[in-house]
Visitor: 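One structure follows; several queries about it will come next.
Scope of the values below: all heavy atoms of this structure, side chains included, with no hydrogens, waters or symmetry mates.
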Amino acid sequence: MYDLIIIGSGPAGLSAAVYAKRAGLSTLVLEKNPMSGGQVLNTYEVDNYLGMPGINGFDLGMQFREHADRLGVEFVEADVRGIGTCNGFHIVKTARHTFRARAIIIAAGAAHRKLAVPGEERLAGRGISYCATCDGAFFRGKTVAVIGGGDVAVEDAIFLARSCKKVYVVHRREELRAAKILQNKLFSLPNVEMVWNCTVSEIEGGEQVTGIVLWDRKEEERRQLAVDGVFIAVGIVPNTKAFLDVAPTDENGYLEAGEDCRTSVPGIFAAGDIRTKRLRQIVTAVSDGANAVASVQEYLM
Ligand code: NAP
């Protein structure tokens, strides 16, 4: 029996673990992956986390984990299947075990959104990637396309332009969503070409990706682009599959919770990218971890 179980070990979960431990709560963190840090681990460079300009995402993730370790936080690697209640306590069911706690913070984060076009599933890992920092090295000297117009797409394109011969950035509108500072950097790179107003309708290739078929929304015509690799960065979807019957979600599937991270279910809290919020950043996830624990403490009293 724990005071608190935290599901997820990204910035929100680890921040919550640090605050919970310091508050003297008996705490268990359940993490799905063998490595803590969540999406941060796949970020080449984080330039907007206060006090750590330009830090590598992997290093930042490791530092978050070391902080929790230093306080003696208990971690168990487990895939959570669902949450139930029993005699007023919350039960967390994993593939192998069942854990009990008085309060739960769901900080399971979010995952890459798929394009859902022909060829995507078949060629995943054969020229299609969702992580430039993980797979970029395989495309040294080659031509690639990055799909998307957000921070991640632009960061990925900047990263890939360092080693690839040519990088196309395919965006469905004529304006990027990414931060201006990233856009300025992107537009200054000589081997980056913007492909505006285009959506991907198919990814082509036999054993490996050879190109993409685009639909030009402005010209209303089909276009083809020969590329060796496709990096898909079209946003994220919340990891709520195991929690859909636990607490209400909004129309996009995010767990409904305010700044205090309380869901409408007593004792169940949501923190980080998985909850409804305006800005999904490392700093807001870390902030959620602290707020969630403050709410847990109030609840437990
Ligand atoms: P995002 O900001 O939601 O951007 C997704 C992009 O993909 C948008 O440009 C969107 O187009 C496009 N898109 C969505 N669905 C598409 C589809 N089916 N086909 C083609 N294009 C599609 O997602 P993100 O870039 O992954 O970033 C996720 C969150 O993490 C954001 O809040 C971001 O600011 C944050 N982030 C933070 C940091 C940091 O703290 N350092 C770093 C990276 C990311 P539209 O623009 O037309 O909607």
Visitor: Taking C-beta and beyond as the side chain, do Ile232 and Glu120 meet within less than 4.5 Å on heavy atoms?
Guide: yes

Visitor: With distance as the sole test, does Asn191 use its side chain to make a donor-acceptor pair with the main-chain N or O of Cys164 at under 3.5 Å?
Guide: yes

Visitor: Look up atom CG in Leu115 and atom CD1 in Ile203, then write down how far apart they are to the nearest 0.5 Å.
Guide: 6.0 Å

Visitor: Out of curiosity, Arg280 CZ to Arg275 CZ, how far, rounded to the nearest 0.5 Å?
Guide: 8.5 Å

Visitor: Decide whether a cation-pi geometry holds between Arg100 and Phe89; the criteria are a distance under 6.0 Å from NZ or CZ to the six-membered ring centre and an angle within 45° of the ring axis.
Guide: yes

Visitor: Determine whether Lys277 and Thr284 satisfy the following criterion, side chain to side chain contact (heavy atoms under 4.5 Å, CB included), listing intermediate values before the conclusion.
Guide: CA-CA 9 Å; Lys277 58 159 74 183; Thr284 60; 3.3 Å; yes

Visitor: For residues Val200 and Leu225: do they belong to one hydrophobic cluster (side chain heavy atoms under 4.5 Å, members Ile, Leu, Val, Met, Phe, Trp, Tyr)?
Guide: yes

Visitor: Is the backbone of Phe231 close enough, under 3.5 Å, to the side chain of Ser129 for a donor and an acceptor to pair up by distance?
Guide: no

Visitor: So which atom in Pro266 and which in Ser264 form the shortest heavy-atom distance, rounded to 0.1 Å?
Guide: CD-O, 3.6 Å

Visitor: Side chains of Ser36 and Glu31: is there a donor and an acceptor less than 3.5 Å apart?
Guide: yes

Visitor: Between Asp228 and Val209, is a side chain to side chain contact (heavy atoms under 4.5 Å, CB included) present by the stated rule, with each step listed?
Guide: CA-CA 6 Å; Asp228 306 299; Val209 167; over 6 Å; no

Visitor: Going by heavy atoms in the side chains, are Phe64 and Ile282 under 4.5 Å from each other?
Guide: yes

Visitor: Could you tell me the separation between the CG atom of Asp69 and the CZ atom of Phe75, rounded to the nearest 0.5 Å?
Guide: 5.5 Å

Visitor: Just by modelled atom types, is the Leu14 backbone N or O under 3.5 Å from a matching donor or acceptor in the Ser9 side chain?
Guide: no

Visitor: Examine distances only and state if a side-chain atom of Gln183 and a backbone atom of Ala178 form a donor-acceptor pair shorter than 3.5 Å.
Guide: yes

Visitor: Whether the side chain of Thr263 engages the backbone of Val265 through a donor-acceptor N/O pair (distance < 3.5 Å, no angle test) should be reported.
Guide: yes

Visitor: Please report the C-alpha distance between Ile181 and Lys185 in whole Å, then the side-chain angles of each, then the deciding distance to 0.1 Å, and finally whether the side chain to side chain contact (heavy atoms under 4.5 Å, CB included) criterion is met.
Guide: CA-CA 6 Å; Ile181 190 166; Lys185 197 163 175 186; over 6 Å; no

Visitor: Is there side-chain contact between Ile147 and Ile212, with heavy atoms separated by less than 4.5 Å?
Guide: yes

Visitor: Does any part of the side chain of Ile158, heavy atoms only, come nearer than 4.5 Å to the side chain of Glu155, both counted from C-beta?
Guide: no

Visitor: Is it true that a side-chain atom of Ser15 and a backbone atom of Val286 form a donor plus acceptor pair closer than 3.5 Å?
Guide: yes

Visitor: On a heavy-atom basis, which atom in Thr27 and which in Ala20 lie closest, and how many Å separate them?
Guide: OG1-CB, 3.4 Å

Visitor: For the CZ atom on Arg140, are there more than 12 heavy atoms of other groups (residues, nucleotides or ligands in this structure) within a distance under 6.0 Å?
Guide: no

Visitor: Walk me through it: do Arg217 and Glu174 pass the test salt bridge (charged side-chain N to carboxylate O under 4.0 Å, His left out)?
Guide: CA-CA 10 Å; Arg217 302 168 63 180; Glu174 216 159 28; over 6 Å; no

Visitor: Do the side chain of Asp151 and the main chain of Ala179 share a donor and acceptor less than 3.5 angstrom apart?
Guide: yes

Visitor: Hydrophobic clustering (ILVMFWY, side-chain heavy atoms < 4.5 Å, transitive) - are Leu244 and Phe269 grouped together?
Guide: no

Visitor: Provide the closest heavy-atom pair for Lys114 versus Tyr130 in the form atom of the first, atom of the second, distance.
Guide: CD-OH, 3.2 Å

Visitor: Looking at Val234, is its backbone amide N or carbonyl O close enough to the side chain of Arg113 to form a donor-acceptor pair, meaning the two atoms are under 3.5 Å apart?
Guide: yes

Visitor: OG1 of Thr133 to CD of Glu45: how many Å apart, nearest 0.5 Å?
Guide: 11.5 Å

Visitor: Is it the case that Gln281 and Tyr49 place a side-chain donor and acceptor less than 3.5 Å from each other?
Guide: no

Visitor: Any heavy-atom pair between the side chains of Trp196 and Glu175 that's under 4.5 Å?
Guide: no

Visitor: If you count every heavy atom of other residues, nucleotides or ligands that lies below 6.0 Å from Leu50 atom CG, does the total exceed 12?
Guide: no

Visitor: Do Ile83 and Lys93 have side chains that approach each other closer than 4.5 Å (heavy atoms only, starting at C-beta)?
Guide: no

Visitor: Given side chains that start at C-beta, do those of His90 and Ile268 come closer than 4.5 Å, heavy atoms only?
Guide: yes

Visitor: Cluster question for you: counting only ILVMFWY and a side-chain heavy-atom cut-off of under 4.5 Å, with indirect links fine, are Ile55 and Val18 together?
Guide: no

Visitor: Are Arg126 and Glu207 close enough for a salt bridge, meaning some N to O gap below 4.0 Å?
Guide: yes

Visitor: Determine, for Glu193 against Lys166, whether the closest basic-nitrogen to carboxylate-oxygen distance falls under 4.0 angstrom.
Guide: yes

Visitor: So, Gln39 versus Asp273: side-chain donor-acceptor pair below 3.5 Å or not?
Guide: yes

Visitor: Is the shortest side-chain N to carboxylate O distance from Asp216 to Lys218 below 4.0 Å?
Guide: no

Visitor: State, to 0.1 Å, how close Tyr299 and Arg102 come at their nearest heavy-atom pair, and which atoms those are.
Guide: CE2-O, 3.4 Å

Visitor: Considering all heavy atoms of both residues, which atom of Pro34 and which atom of Glu77 are nearest to each other, and what is their separation?
Guide: CA-OE1, 3.6 Å

Visitor: Measure from the side-chain N and O atoms of Ser295 to the backbone N and O of Asn291, and report whether any donor-acceptor pair falls under 3.5 Å.
Guide: yes

Visitor: Compare all side-chain heavy atoms of Thr249 with those of Tyr254 and state whether any distance is below 4.5 angstrom.
Guide: no

Visitor: Report yes or no: do Ile7 and Leu4 belong to one cluster of Ile/Leu/Val/Met/Phe/Trp/Tyr joined by side chain heavy-atom distances under 4.5 Å?
Guide: no

Visitor: Looking only at heavy atoms, what is the nearest atom pair of Ala226 and Tyr168, with distance?
Guide: O-CE1, 4.4 Å

Visitor: Could you tell me whether a side-chain N or O of Asp250 sits under 3.5 Å from a main-chain N or O of Asn252, the two making a donor and an acceptor?
Guide: yes

Visitor: Roughly how far apart are Glu74 CD and Lys21 NZ, rounded to 0.5 Å?
Guide: 7.5 Å

Visitor: Supply the atom-to-atom distance Tyr19 OH to Gln297 CD, rounded to the nearest 0.5 angstrom.
Guide: 11.0 Å

Visitor: Show your working on side chain to side chain contact (heavy atoms under 4.5 Å, CB included) between Leu186 and Val169 and close with a plain yes or no.
Guide: CA-CA 10 Å; Leu186 182 77; Val169 177; 4.3 Å; yes

Visitor: Using a cut-off of 6.0 Å, state whether more than 12 heavy atoms not belonging to Glu121 lie near its atom CD.
Guide: no

Visitor: Side-chain heavy atoms nearer than 4.5 Å, only ILVMFWY residues, links allowed to pass through others: does that put Val195 and Val230 together?
Guide: yes

